[in-house]
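Note that ligands are numbered from 1 as they come in the structure, with each ligand's atoms numbered from 1 the same way.
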Amino acid sequence: MAITPLMPVYPRSPVRPVRGEGAYLFGENGEKYLDFASGIAVNLLGHGHPHVTKAIQDQAATLMHVSNLYGSPQGEAFAQRLVDLTFADTVFFTNSGAEAVECAIKTARRYHHAKGNPHKHDLITFSNAFHGRTMGTISATNQEKLRDGFAPLLPGFKVVEFDDLDAALAAVDEHTAGFLLEPVQGEGGIRPASQHFIEGLRKACDENDLMLVFDEVQCGVARTGTLYAYEQYGVAPDIMASAKGIGGGFPLGACLATEKAAAGMVVGTHGSTYGGNPLAMAAGQAVFDVVANEEFLGNVRRTGERLRSALEQMLPNHDHLFESVRGLGLMLGIKMKTDSRAFVTYLRTRGILAVAAGDNVMRVLPPLNIEESHIREFVDGLSAAAADYDLPEAA
Ligand SMILES: *Cc1c(COP(=O)(O)O)cnc(C)c1O
C-alpha cells in the first residue's frame, strides 16, 4: 500500500516533536527547537504551562464530558466570562476555528431569517481570507488552492478585494446579510485591515441592517496585545469567531454574538456533541486566568514592540532576503523578497520554528509569555540563518 496511515494532506516537515517546555520543542532524537510558531498561534502560553496543565489534569479526573443534553455550570461560567470581557451577550462553544466560523455564518443568516428577510443570505468576504476547511468556510474564500476539486461549493458568498471599502460597499445588494472578515489576516500574510475599512464596514452595517462578522480565530485572545483585535479599532462586530489560542493547545472555539445578532439562534437551530464540554471549559478558563488582565496584555504589547524593533534593526543587514515587518502585538509577519515557505523550511534545520503565509510572508507567532532572552535567541538565530541561506540554496 502506498498511502500513509495518516491521510497525506499535509507536506509534513522532518520536525517530529515529542515534548515541549515553555518556548521550546524537542524532537524524537532530542533535537531542540525555539518555537516561534506556537502550533500556528495556538500555544499562547508555550508548552506545558503549569496553570493550564493542572487545570486540564484536574478536570480530566473530575468530569470530562457529559453532552449538551444537560445543564453546564462549566459552560455557563466561561460564557459569562467572555460576555463580561467582550462586546458579546451570548456564546456558542465549538471544537475548532472552522466550526466557530460556521456558527457565525449560520447566526448571520438566521438573524435575517428571524426578521422575515430570508432573502438576505449572502456574506461579502475578502480576497486571501482564510476561514477554515469545511465546505462553508472554503466557499467563503477565493483561494483556489483551498477550493480545487471540491465543487460544487456553497452559494451565498461574494468575494471582493481585502481592505477596499468602495469594493465592499459596491457589492452590497438586496441579498446581502453582512460582511465576514479577519480584522488582521493571518494565513493571507499578516495584513491588518485599515481603520478606514473597518469603520466603513461598521457604518454600512448600521445603515443597512447588516451583520458585521469578525473571524478572530488567529488574531484573537491577547495575540495582538488586546484581548481581541477589534478593540484596537474601536469597532465592535455583531458576531465573532474565536479559537486557536483560546484553549492554549486544547481544541476549543467559540462563536460570540450580541443579543440582537443571535435573535434567530433558538432551541434546535444549532448544536455540537463535544462543544463546550467540561474539559474544554477548564482549558479555556485557565488560559483566561493568565491572559485576561491589563498587566499581561500590556506585557504582550511591550514584548511585541521589542521583538519588532529588534527585527527592524536586523532586517536591513540581509536586505536581499527581508523587506519589512508588519502586524500587531505578537502577531508579526516578515515580508520576504524570496519564497518564505522555502526559508521557513531552512530555518527548521537551524532549530527555529516559524510559519509561512501568503504574500511571501514569514509569520512570527511566539508564545505570549516569552522573555528578552527568547527575542535575542530568535533574532540572532534568524540573522545567522539569513547570512548562510543563499550559500547552500544557490549551490
Ligand atoms: C486557523 C483559522 C481558522 C480555522 O481554524 P481550524 O481550527 O483549523 O478549523 C479560521 N479562521 C482563521 C482566521 C484561522 O486562522
Side-chain angles (χ1 to χ4, degrees), residues 7 9-10 12 37-44 92-108 123 125-143 145-147 150 154 157 159 162-163 179-193 198 212-224 228-230 233 237 239-256 272-277 280 283-284 287 326-333 354-359 361-365 368:
M7 196 181 276
V9 294
Y10 283 104
R12 290 179 187 272
S38 301
I40 318 186
V42 168
N43 304 296
L44 280 192
F92 182 87
F93 290 112
T94 69
N95 316 291
S96 68
E99 289 171 289
V101 177
E102 288 281 345
C103 179
I105 295 167
K106 288 178 75 173
T107 302
L123 284 169
T125 63
F126 298 92
S127 55
N128 296 315
F130 182 80
H131 298 298
R133 297 291 202 144
T134 59
M135 286 306 302
T137 55
I138 63 173
S139 301
T141 166
N142 68 342
Q143 290 202 57
K145 65 177 189 216
L146 305 178
R147 303 161 54 119
F150 296 114
L154 301 185
F157 300 96
V159 183
F162 182 65
D163 216 31
F179 303 98
L180 164 63
L181 67 148
E182 301 155 83
V184 185
Q185 285 194 335
E187 109 95 50
I190 311 289
R191 297 178 63 198
I198 298 272
L212 185 60
V213 185
F214 283 171
D215 177 349
E216 290 220 22
V217 168
Q218 190 162 153
C219 61
V221 195
R223 174 61 53 190
T224 64
Y228 284 95
Y230 74 79
Y233 290 93
I239 305 170
M240 181 177 77
S242 181
K244 289 207 165 89
I246 196 172
F250 193 89
L252 173 61
C255 173
L256 292 76
S272 164
T273 296
Y274 292 122
N277 82 12
V287 168
R326 60 201 199 198
L328 293 173
L330 283 170
M331 184 176 184
L332 295 176
V355 197
D359 198 26
V361 164
M362 172 170 84
R363 275 179 281 182
V364 181
L365 302 167
L368 304 184

A side-chain contact here means heavy atoms from C-beta on lying under 4.5 Å apart; do F92 and S272 qualify? yes
Would you say that F214 contacts L181 through its side chain, given a criterion of any heavy-atom pair below 4.5 Å between the two side chains? yes
Is any side-chain N of the basic residue among K145 and E187 closer than 4.0 Å to the acidic one's carboxylate O? yes
Name the residue from T125, D215, T141 that meets the side chain to side chain donor-acceptor pair (under 3.5 Å) definition with H131. D215
Have a look at Y274 and tell me which of N95, L252, T94 forms a side-chain contact (heavy atoms from CB on, under 4.5 Å) with it. N95
Considering all heavy atoms, the nearest R147-I138 contact: CG-O, 3.5 Å
Residue by residue, ordered by chain and number, which ones reach under 4.0 Å of ligand 1 with a heavy atom? S96, G97, A98, F130, H131, G132, E182, D215, V217, Q218, K244
